[in-house]
Amino acid sequence: MPPRWKTFVLTASVILILQNAVSALLAPLTTGWPPVLRSAVVITGVVALMTWVVMPRVTRWLAGWLRPAPQKPFHSMASRCAGDHPDGEPVSHTFRDGRHR
């Protein structure tokens with residue numbers, strides 16, 4: 001799950017753009033309507049676009065930013081020298097003189 005601040009920034013940005021676009025497109029059709037009815041139509045259009053059209057695509061496009069790849073855990077030199085593999089498996093070492101560990 002992405003951090004909440006990233007979800008907020010992305011959602012607010014997309015809603016701002018869609019709200020302005022839908023309002024502008026519907027303005028000629030809704031002129032003279034009561035403000036509540038005009039808002040209801042715009043909100044319905046924005047929510048429908050957000051749910052089924054825009055957000056699925058935007059989240060796919062920005063997946064790397066929303067959910068960056070997990071970092072590999074840091075393993076100390078002490079654990080590496082002791083022969084511990086990061087995955088918990090034993091590691092065999094070959095020394096310069098040919099001995100194996």
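Between Pro28 and Ala24 the shortest heavy-atom distance is CD-O, 3.6 Å.
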Can I get a per-line list of side-chain donor-acceptor pairs under 3.5 Å for residues 2-10, giving both atom names and the distance, sequence neighbours left out?
from: Lys6; atom 1: NZ; to: Trp65; atom 2: O; distance (Å): 2.6
from: Thr7; atom 1: OG1; to: Pro3; atom 2: O; distance (Å): 3.3

Show me the side-chain donor-acceptor pairs of residues 56-63 shorter than 3.5 Å, one per line, residues at least two apart or across chains.
from: Arg57; atom 1: NH1; to: Val53; atom 2: O; distance (Å): 2.8
from: Thr59; atom 1: OG1; to: Met55; atom 2: O; distance (Å): 2.7
from: Thr59; atom 1: OG1; to: Pro56; atom 2: O; distance (Å): 3.1

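Linking ILVMFWY side-chain heavy atoms closer than 4.5 Å, directly or via other members, places Val46 and Leu37 in a single hydrophobic cluster. Residues Val36 and Val41 are members of separate hydrophobic clusters, defined by side-chain heavy-atom contacts under 4.5 angstrom among Ile, Leu, Val, Met, Phe, Trp and Tyr.
Residues satisfying the side chain to side chain contact (heavy atoms under 4.5 Å, CB included) criterion with Val47, sequence neighbours excluded, are Ile43, Thr51.
Residue Leu18 holds its CG atom at 6.5 Å from CE of Met50, rounded to the nearest 0.5 Å.
Pairs engaging residues 20-47 under the side chain to side chain donor-acceptor pair (under 3.5 Å) rule: Gln19-Ser23 [sequence neighbours left out].
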